[in-house]
Amino acid sequence: MGSLKNKEEMEPIGGESSKDAILYVNGVRRVLSDGLAHLTLLEYLRDIGLTGTKLGCGEGGCGACTVMVSHYNKVLKKCVHYAVNACLAPLYSVEGMHIITVEGVGNRKIGLHPIQESLARSHGSQCGFCTPGFIMSMYALLRSSEVPPTEEQIEECLAGNLCRCTGYRPIIDAFQVFAKTDDAFYTNTSSSSLQSGEFLCPSTGKPCSCKSKGLNGAGTCKQSTVNGNKYKPVSYSEVDGSTYTDKELIFPPELLLRKLTPLNLNGFGGLKWFRPLKIQHLLELKAKNPDAKLVMGNTEVGIEMRLKRIQYKVLISVAHVPELNILNVKDDGLEIGAAVRLTELLQMFRKVVNERAAHETSSCKAFIEQIKWFAGTQIKNVACVGGNICTASPISDLNPLWMAAGAKFQIIDCKGNIRTIMAENFFLGYRKVDLASGEILLSIFLPWTRPLEYVKEFKQAHRRDDDIAIVNAGMRVFLEEKGEDLVVSDALIVYGGVAPLSLSAVKTKEFIIGKNWDQELLQGALKFLEIDIFLKEDAPGGMVEFRKSLTLSFFFKFFLWVSQQISVKKSTGIPLSYLSAAQPFQRPSIMGSQDYEIRKRGTSVGSPEIHLSSRLQVTGEAEYTDDAPMPSHGLHAALVLSRKPHAKILSIDDSEAKSLPGIAGIFLAKDVPGDNQIGAVIHDEELFATQYVTCVGQVIGVVVADTHENAKLAAAKVVVEYEELPAILSIQEAVDAKSFHPNSERCLKKGDVDSCFQSGQCDKIIHGEVHVGGQEHFYLETQSSLVWTMDCGNEVHMISSTQAPQKHQKYVAQVLGLPMSKVVCKTKRIGGGFGGKETRSAFIAAAASVPSYLLNRPVKLTLDRDVDMMITGQRHAFLGKYKVGFTKEGRLLALDLEIYNNAGNSLDLSLSVLERAMFHSDNVYEIPNIRILGRVCFTNFPSHTAFRGFGGPQGMLITENWIQKIAVELNKSPEEIREINFQGEGSILHYSQQLQHCTLGQLWNELKLSSDLLRAREDVKQFNLQNRWKKRGVAMVPTKFGISFTTKFMNQAGALVHVYTDGTVLVTHGGVEMGQGLHTKVAQVAASAFNIPLSSVFISETSTDKVPNTSPTAASASSDVYGAAVLDACEQIKARMEPVALKHNFSSFAELAGACYMQRIDLSAHGFYITPDIGFDWTTGKGNPFNYHTYGAAFAEVEIDTLTGDFHTRTANIILDLGYSINPAIDVGQIEGAFVQGLGWVAIEELKWGDAEHKWIPPGCLYTTGPGSYKIPSMNDVPFKFSVSLLKGHPNVKAIHSSKAVGEPPFFLASAVFFAIKDAIIAARAEVGHHEWFPLDNPATPERIRMACLDEFSTRFIESDFRPKLSV
């Protein structure tokens, strides 16, 4: 299962057409043997060695697996080229087609395609794991477009692709050069035409000399969004589409001539795959196999089979049945075959809207808008209309519209009899429709709308792009003129997301028919909607109050929209300030700008070089852990996991699992050769649970088998009996039960808090609680390790996706009972980490090492996305309880803070996370008297862990919440309160460290000037006065982030540098490349040290047998410490070379290296660095925990829809002090990526756990376990105007080459968006007389935004102090 050995053969292009099932991949003909029906296209591609196509989620939600499919459409007489998710596409569904993967687009040997070249140049690839998917989405768009696409089309085609590193802006930049413009200057510069070492200006994309502008290599670069280069196709044909180079793969001629044949094939476990070519054949198959599933794009069935483990025995592909693919424009409407793809349907709707009278296409326009936000392009390219209808999902975006628009469904039975049913009568219950077992949906008929008939769509989701609805709706009203009145003749109001099926509001419909379209109708309809829509308090999906309010908001918007449409016939009396509520969201193209200083030091340091691996990443040639080829005797592993949050294990029965095919062994705690106790700081975890489990997802054992699927099947069959015990499932429950990790209490004090509060100095004292939500890392590459033995187990080696190879080495040595000297961990690169692979990756490697060691066979353990999210921990949720005293001017006097974090079931790094949160609980404010008490809560969740910022953002967010509350109390702007309390040069912090080289004031003033804060506030005020239901807000937030590990011994770094006789340099250091550009910066340091080109320096991998005892790549300090260690090694070698260099005038470094070699001079050195003058003593509460601080500030402007909670960021303006940057382009990329990731934390990403707040989720279980339910920011969430500046002229004397750390400091600046949202909500509440302070928890999701905007719709369901539920 899943293996292609001896099952598939490759043939060269040519040969005669045969009846074999065939497939072309990158121009190579391949015969598909029988028995592979269980495989997806992705599994097949990776099995044959095409590992550029990545597995990111397995559910079509991230786009990492995107490939292009081409096939000849005999009806259109042309080839169609489109992007698909290979993780969902069944292998046999692409039989007879041509698949192009990233490897077929371009590579380093034949040359990069312009798409690849542009993305690499634009710094659009950081960790690189998502990069091939972006390349293929763009490639498919260009191949399928006869003329250059518009910027809107480009952004739309990328909606199904996620990136966690870049913040999307550079990706958009890279691809906009292919967009159609009015006065485009087209060029087609390939990488080969650039001379070696030639500098590409970031502003123009062309060779220039701005790299060395000014004195001493100093210059300024202002980079705008659009590069100067523009690309256009070199040719276009109906078969091959648009081509941009002469090396594009053509469509295989055999497939043009080949006649399709029916397929009858098999797969693992008795699975049958049929492909009928006629309706009669399909009906016969359905009669014989009444339980068969009809598949088109496999977007529903595939997820059911893969993630929900539903076993279907017969799959019938309907893609090639002509009768199901009709698309006919008729006099009375549109006839749509059930198998018509959504992309085709969208194109048809757009066509008829352009061609037919406007009054006929009201429903078509509604469908166009709804399909736009339906899903990513890859899904829409394969998902069909009938599949979406017959799935009968209660949150289907289209079914409410079919019902409302009066669509009719044609149904055919096995005998060919056809019946017609109205869409509104087709849905019977939860995923139940009016189809007998022998019937299928044949077609849909959508009637044209009549004059004065209006159809409108509505949808609110957690995220606009590619997200399932929370609530959606389709509404239709038909008005008749009666005298001067417009009376409702017919109507239908249908909602999704409020019942087990798409629900028609029957009583509301009955009420409005016969009524005049006026305010009286509106008020009456709202009352009847409350009766029609009934949701229980514990309804699945939660958010009951929000969902109820959306039903009213949608109808109100519909009323406004229809009133606008009929305003030419009848004055409706709608205030002008209401009209914007009915206007659709129109997103402008993203405009970015980057402003930084270029200060060259030597040949490379200071230059905005591209990421060293970028050209490997854009071609798919960069290898990650799961890409490593499996040896022939290798095994795949899957974990046996606890299903209870707290329980005693009574028995484990693995007998059924052992009997399954392909199983090589099941290993439990009793099988661990060494120590079963593990832990990051203290050994408070078990590798495999013995007597008790303390969270859902705790590892009980590991199964190894010949394939990943077989291992997972067996793991699911291991039966564990439990005796359930009480579980603690929130911070508050832990506080109430005094459930804290041992020795985890911390306290920091400055001044005398109690005396200050009692002395009467404080004009005002406020109290409050802040709930801070967690966040999933969502690195695109899941946790993965490949472990093998050497010399029959005398040595153990592994390749791991980790930020801490030494931690893997230590864990594996410990559980196997081996010395660390016999265990080697290597890491080439990782597909994102963000802290999630600092400690929580180590137990994955340890679990895989046990069967590998005992069986003496290689074992690979790669977690599926849902398992990864469930078991590896997230950013800590926090609870802050504050008491703050201040003067009437707003000057801070005292802070008394209790702070708690949710650690989960082991300590891991939670104490250090708490400590950093406490260090950052002043943010940038001078507070004379402070007392902070911190506790680490033990809860029955998987252990939470490091995440970018490491507790700092949580501490600062609590602070900014009470700063904002002070502003409300004093009726001042938050910015005013911030400014008058700023720390400055020489300030003594609450942990006794003195601030040095503080640039906060200058940063803040520059940002105020560039953002024109006062003007922005006035513009927002005017907008808010003119718009009742849309509000804007602004905010400006500062940050100060301490740089260093707060644990002193970890601030050390080692490196190994070799100089070879050809003048090239090999560098190895202890840091891991995870997209942050560490290797690139370190290589720049080495290149400048030796005064050689960057191209002469190579960094291969991180390995524990090259540099020992390394600290994790974390805390933002890696460039500082590893750069310094490499510089140390280089200086040692240079000192040895110097006597030789002084004797001769060598023409090149290579000559010098050769001469040194001939004189037997050692050209290898080990460098070492320790961060000086740091250390903190928690017993005294004094010390210098940080080497220095990185300062920054951000301005943001947002617009919210108060009726739905939807929001978008109009402007984000960021400035950071990064000293003299080693690589300003990489630093800008880190800032943008951190900001957008932070935007996710404060406004989009919500973890939902089975706790007291979410009783509809099983206790202790994580509901949000994949991109379907957990939403990270997409391209649509990027600020419209996205500007980044680096402070100029402020070198940092504390770090290498006067630079500063960048990875974590910008993350918190996204809170400017959060507080801008709150500013907009304040304006909305003021409309109804609510001026008091109110809490807003993060993430500020649509639910929290909408329910905070009190109005006549929401207050029917909530009180003014309502606080939506949050897992903390």
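All figures in this text were calculated on a predicted structure; none of them were measured in a lab.
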Val1082 and Ser1119: CA distance, side-chain angles, deciding distance, side-chain contact (heavy atoms from CB on, under 4.5 Å) verdict: CA-CA 7 Å; Val1082 166; Ser1119 294; 5.9 Å; no
Verdict with supporting geometry, Ser801 and Lys837, side-chain hydrogen bond (donor to acceptor under 3.5 Å, both in side chains): CA-CA 7 Å; Ser801 181; Lys837 295 176 181 174; 2.9 Å; yes
Side chain to side chain contact (heavy atoms under 4.5 Å, CB included) partners of Leu612, counting only residues at least two apart: Thr1080, Ala1083, Leu1094
Residues Asp626, Arg46: salt bridge by 4.0 Å N-O rule: yes
Between CG on residue Asp627 and OG1 on residue Thr51, distance to nearest 0.5 Å: 4.0 Å
Pairwise side-chain hydrogen bond (donor to acceptor under 3.5 Å, both in side chains) hits with a residue in residues 663-674, at least two apart: none
side-chain hydrogen bond (donor to acceptor under 3.5 Å, both in side chains) partners of Ser659, counting only residues at least two apart: none
side-chain hydrogen bond (donor to acceptor under 3.5 Å, both in side chains) partners of Gln617, counting only residues at least two apart: Ser125
Whether Tyr1270 and Phe778 hold their rings parallel, tilted or perpendicular, with breakpoints at 30° and 60°: parallel
Asn676: partners by side chain to side chain contact (heavy atoms under 4.5 Å, CB included), with sequence neighbours left out: Ala669, Val672, Glu686, Leu687, Phe688, Thr690
Residues forming a ring-ring contact (aromatic ring centres under 6.0 Å, His included) with Phe947, sequence neighbours excluded: His777
NZ (Lys810) with more than 12 external heavy atoms under 6.0 Å: no
Donor-acceptor pair, side chain of Ser642 and main chain of Val696, under 3.5 angstrom: no
Check: Thr619/Asn107 side-chain N/O donor and acceptor closer than 3.5 Å: no
Residues forming a side chain to side chain contact (heavy atoms under 4.5 Å, CB included) with Thr1064, sequence neighbours excluded: Tyr1060, Asp1062
Qualifying residues under side-chain hydrogen bond (donor to acceptor under 3.5 Å, both in side chains), relative to Ser800, sequence neighbours excluded: Ser785, His808
Pair Gln874-Glu776, side-chain donor/acceptor within less than 3.5 Å: yes
Side chain to side chain contact (heavy atoms under 4.5 Å, CB included) partners for Thr66, two or more places apart: Ala83, Asn85, Met136, Ser137, Asn161, Gln378
SB check Glu1073 Arg829 (cutoff 4.0 Å): no
Residues forming a side-chain hydrogen bond (donor to acceptor under 3.5 Å, both in side chains) with Glu685, sequence neighbours excluded: Arg840, Ser906
Listed partners of Arg164 passing salt bridge (Lys or Arg N to Asp or Glu O under 4.0 Å), at least two apart: Glu1245
Residues forming a salt bridge (Lys or Arg N to Asp or Glu O under 4.0 Å) with Asp684, sequence neighbours excluded: none
Over 12 foreign heavy atoms within 6.0 Å of CZ, Arg643: no
